[in-house]
Amino acid sequence: MGGAAGWFAIALPISRLFNFHSKASDCSAVKDGQFLLKGAPSAALAKFDEAHALASETSGADLETTLDTSYCTPTYIEMQRANCWIDLGEPHRAVELFEDQLAALPPEYRNDRGVYLARLARAHITAGELERGAETASKALAIVTQTGSARTFTELSAVARAVECQRALPTIETFFERFELVRDRFAA
């Protein structure tokens with residue numbers, strides 16, 4: 001278990017050991033929700049509800065003794081839920097949730113906005129809305145050109161692979177032309 005999943009597997013027991021009160025349990029509930037998807041979707045969705053409720057609580061904990069999980073907000077949790085809706089084969093639900101949460105995302109979260117726009121593009125494409133997906137992916141790509149966000153570019157790479165055989169559509173071709181320019185810049 002690597003990456004974020006590995007971090008949460010370690011962070012939650014450590015926070016319990018030292019009695020840290022942080023949002024690690026919120027994020028752990030999100031990760032539990034993602035891990036449960038394949039075997040028990042309703043249990044996974046219940047974990048997202050649990051995480052959302054925990055993230056909504058304010059904590060009076062001493063910031064010097066807590067883990068930094070400030071990113072684990074209700075919006076973050078709902079974005080993770082939307083991503084899981086795609087994996088559950090419910091891309092239209094994902095689109096609705098991504099759009100609602102993007103509208104509430106503060107403008108200073110540009111990198112996150114890029115990632116979530118790329119995931120929204122994937123939801124549109126999975127739902128068969130190729131042109132809307134390409135338009136949304138182009139918005140995310142504009143953020144990548146401004147910020148250099150590797151996370152967003154990675155998400156957009158998955159979008160590009162998903163629509164590669166549809167390049168005859170003008171919006172997809174436009175996205176690909178821009179995507180290839182950015183990819184070449186990243187490679188240099």
Side-chain angles (χ1 to χ4, degrees), residues 3-4 7-8 22-31 33-34 48-61 63 66-87 90-127 129-160 162-163 171-172 174-186:
W7 185 88
F8 284 110
S22 71
K23 291 187 177 180
S25 58
D26 311 358
C27 293
S28 177
V30 169
K31 292 300 173 188
Q34 292 171 341
F48 282 110
D49 293 339
E50 176 188 337
H52 186 106
L54 288 168
S56 296
E57 294 174 4
T58 56
S59 169
L63 293 178
T66 60
L67 298 172
D68 181 14
T69 56
S70 59
Y71 67 91
C72 201
T73 64
T75 298
Y76 170 83
I77 290 164
E78 292 308 306
M79 292 295 198
Q80 300 310 310
R81 184 192 312 258
N83 203 44
C84 288
W85 278 124
I86 299 169
D87 296 336
E90 298 277 353
H92 294 288
R93 290 180 88 168
V95 165
E96 185 178 332
L97 192 51
F98 276 126
E99 288 175 344
D100 288 348
Q101 295 303 310
L102 278 163
L105 192 67
E108 60 269 15
Y109 287 58
R110 281 184 27 195
N111 284 345
D112 291 336
R113 182 173 302 283
V115 169
Y116 300 143
L117 281 168
R119 290 178 182 173
L120 172 58
R122 188 167 62 94
H124 280 303
I125 289 162
T126 303
E129 301 166 351
L130 302 179
E131 303 240 21
R132 282 188 70 194
E135 290 167 2
T136 304
S138 291
K139 291 176 186 175
L141 194 57
I143 292 173
V144 170
T145 60
Q146 296 167 358
T147 66
S149 172
R151 282 188 317 141
T152 303
F153 187 77
T154 298
E155 295 284 342
L156 286 171
S157 296
V159 170
V163 296
T171 53
I172 292 176
T174 299
F175 163 70
F176 259 98
E177 289 170 1
R178 294 175 183 158
F179 177 80
E180 289 169 343
L181 286 172
V182 173
R183 182 195 61 208
D184 293 346
R185 251 189 270 155
F186 272 1

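Worth saying up front: this structure is predicted, and the values here are computed from it rather than measured.
Closest approach of Ala82 and Ala94 over heavy atoms only: O-CB, 3.2 Å. Contact detail for Ala140 and Gly114: the closest heavy-atom pair is CB-O, 3.5 Å. Here the closest heavy-atom approach between residue Ile125 and residue Gly133 is recorded as CG1-CA, 4.0 Å. Summarising the geometry of Ala137 relative to Ala121, their closest heavy-atom pair is N-CB, 3.6 Å, with the distance given to 0.1 Å. Between Ala118 and Thr152, the shortest heavy-atom distance links the atoms CB-O, 4.3 Å.
With rounding to the nearest 0.5 angstrom, the CD atom of Glu135 is 10.0 Å from the OG1 atom of Thr174. The distance from the CD atom of Gln146 to the CZ atom of Arg110 is 4.5 Å, given to the nearest 0.5 Å. Leu117 CG to Leu102 CG: the interatomic distance, rounded to the nearest 0.5 Å, is 5.0 Å. Going from atom CG of Asp184 over to atom CD of Glu180 covers 7.0 Å, rounded to the nearest 0.5 Å. The structure places CD1 of Ile77 at 10.5 Å from CD of Gln101, a figure rounded to the nearest 0.5 Å. Here CZ of Phe175 is found 10.5 Å from OG1 of Thr136. Values are rounded to the nearest 0.5 Å.
Panel note: side chain Arg113, backbone Leu105; a donor-acceptor pair is recorded below 3.5 Å.
Contact check for Asn83 versus Phe98: side-chain heavy atoms found under the 4.5 Å cut-off. Taking 4.5 Å as the limit, some side-chain heavy atom of Glu96 sits within range of a side-chain heavy atom of Asp100.
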| task | In sequence, state the C-alpha distance, the side-chain angles, and the governing distance for Phe186 and Val144, and then conclude on side chain to side chain contact (heavy atoms under 4.5 Å, CB included). | result | CA-CA 10 Å; Phe186 272 1; Val144 170; 3.7 Å; yes
| task | Given side chain to side chain contact (heavy atoms under 4.5 Å, CB included), test Ser138 with Phe179 step by step and report yes or no. | result | CA-CA 8 Å; Ser138 291; Phe179 177 80; over 6 Å; no
| task | Could you walk me through whether Arg183 and Phe153 pass side chain to side chain contact (heavy atoms under 4.5 Å, CB included), step by step? | result | CA-CA 8 Å; Arg183 182 195 61 208; Phe153 187 77; 3.5 Å; yes
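A salt bridge between Arg81 and Glu78 is present, with a side-chain N of the basic residue lying under 4.0 Å from a carboxylate O of the acidic one.
Between the side chains of Thr171 and Glu131, at least one donor-acceptor pair of N or O atoms lies under 3.5 Å.
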